Amino acid sequence: MNWTHLENINQLEEVKEQENALIFKHSIRCSISATALSRLTRQWKSAELPQLKLYFLDLVNHRDISNAIAQTFGVEHQSPQILLLKKGHCIYDESHYGIDYENIKSAIEKSL
């Protein structure tokens with residue numbers, strides 16, 4: 001997976017400008033988060049979702065960005081969490097063991 005790391009709150013403007021984007025909010029202190037990230041990485045098929053720009057947030061070190069994501073996209077903070085965005089609007093979010101490649105792919109296909 002080719003992640004763009006979110007390390008500056010101003011990057012959220014770039015995220016909002018994307019046609020299709022995915023944010024993965026990861027806690028380096030949480031075993032569930034590590035498991036969800038590992039599973040998603042193993043399942044991921046870049047060729048099936050070439051239009052999706054991927055963003056990764058280490059929310060332990062960037063809690064301010066995590067809070068801004070919750071406010072900007074109208075979602076409750078979770079960890080781990082994925083947000084699927086279309087033209088700057090959250091169309092799907094999931095957390096913990098609900099994070100699954102096939103569900104992400106299905107949500108993108110429904111939004112087309």
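Since we're looking at a predicted model, the values are computed, not measured.
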So with a 6.0 Å cut-off around [atom1] of [X], is the heavy-atom count from everything else above 12?
{"X": "Asn61", "atom1": "CG", "answer": "yes"}
{"X": "Gln71", "atom1": "CD", "answer": "no"}
{"X": "Glu102", "atom1": "CD", "answer": "yes"}
{"X": "Lys110", "atom1": "NZ", "answer": "no"}

Quiz item: With sequence neighbours excluded, what pairs up with Glu17 under the side chain to side chain contact (heavy atoms under 4.5 Å, CB included) test?
Solution: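 Glu17: no side chain to side chain contact (heavy atoms under 4.5 Å, CB included) contacts found.
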Self-check item: side chain to side chain donor-acceptor pair (under 3.5 Å) between Tyr55 and Gln11, intermediate numbers included
Solution: CA-CA 10 Å; Tyr55 293 91; Gln11 287 177 281; over 6 Å; no
Quiz item: Going by the ring pair (Phe, Tyr, Trp, His ring centres under 6.0 Å) test, which pairs reach into residues 92-112, not counting sequence neighbours?
Solution: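 Pairs touching residues 92-112 that pass the test: Trp44-Tyr101.
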Quiz item: Please, which pairs that meet ring pair (Phe, Tyr, Trp, His ring centres under 6.0 Å) have at least one residue in residues 59-87, sequence neighbours excluded?
Solution: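 Checked against ring pair (Phe, Tyr, Trp, His ring centres under 6.0 Å) - neighbours excluded - no pair reaches residues 59-87.
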Is the closest side-chain heavy-atom distance between [X] and [Y] below 4.5 Å?
{"X": "Val75", "Y": "Gln81", "answer": "yes"}
{"X": "Thr72", "Y": "Lys16", "answer": "yes"}
{"X": "Leu85", "Y": "Gln18", "answer": "no"}
{"X": "Thr4", "Y": "Lys53", "answer": "yes"}

Exercise. Please name the pair of heavy atoms, one in Pro80 and one in Ala36, separated by the smallest distance, quoted to 0.1 Å.
Key: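 Result for this residue pair: CG-CB, 3.9 Å.
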Could you see if [X] belongs to whatever hydrophobic cluster contains [Y]? Use Ile, Leu, Val, Met, Phe, Trp, Tyr and a side-chain cutoff under 4.5 Å.
{"X": "Leu52", "Y": "Leu12", "answer": "no"}
{"X": "Ile23", "Y": "Ile9", "answer": "yes"}
{"X": "Ile91", "Y": "Ile108", "answer": "yes"}
{"X": "Leu37", "Y": "Leu83", "answer": "no"}

Measuring from atom [atom1] of [X] to atom [atom2] of [Y], what distance do you get when rounded to the nearest 0.5 angstrom?
{"X": "Leu54", "Y": "Trp3", "atom1": "CG", "atom2": "CH2", "value": "5.0 Å"}
{"X": "Asn8", "Y": "Glu13", "atom1": "CG", "atom2": "CD", "value": "11.0 Å"}
{"X": "Lys25", "Y": "Ser79", "atom1": "NZ", "atom2": "OG", "value": "7.5 Å"}
{"X": "Ile104", "Y": "Ile82", "atom1": "CD1", "atom2": "CD1", "value": "3.5 Å"}
{"X": "Leu57", "Y": "Ile69", "atom1": "CG", "atom2": "CD1", "value": "5.0 Å"}
{"X": "Phe56", "Y": "Glu7", "atom1": "CZ", "atom2": "CD", "value": "10.5 Å"}

Exercise. Please identify each residue that fulfils side-chain hydrogen bond (donor to acceptor under 3.5 Å, both in side chains) with Arg63, with sequence neighbours left out.
Key: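 So Arg63 forms a side-chain hydrogen bond (donor to acceptor under 3.5 Å, both in side chains) with Asn67.
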Quiz item: salt bridge (charged side-chain N to carboxylate O under 4.0 Å, His left out) with Glu109: which residues, sequence neighbours excluded?
Solution: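 In terms of salt bridge (charged side-chain N to carboxylate O under 4.0 Å, His left out), with neighbours along the sequence ignored, Glu109 is linked to no residue.
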Quiz item: Taking only residues two or more places apart in sequence or in another chain, which ones pass salt bridge (charged side-chain N to carboxylate O under 4.0 Å, His left out) with Lys105?
Solution: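 Here the qualifying residues are Glu48.
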Quiz prompt | side chain to side chain contact (heavy atoms under 4.5 Å, CB included) assessment of Asp100 paired with Gln43 | solution = CA-CA 8 Å; Asp100 179 78; Gln43 295 174 338; 3.3 Å; yes
Exercise. Using the side-chain contact (heavy atoms from CB on, under 4.5 Å) rule, pick out the option among Ile32, Leu40, Asp93 that qualifies with Ile99.
Key: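 By the side-chain contact (heavy atoms from CB on, under 4.5 Å) criterion, Ile99 pairs with just one of Ile32, Leu40, Asp93: Leu40.
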Quiz item: Do Arg39 and Thr35 have a side chain donor and acceptor closer than 3.5 Å?
Solution: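 No, no side-chain donor-acceptor pair sits under 3.5 Å.
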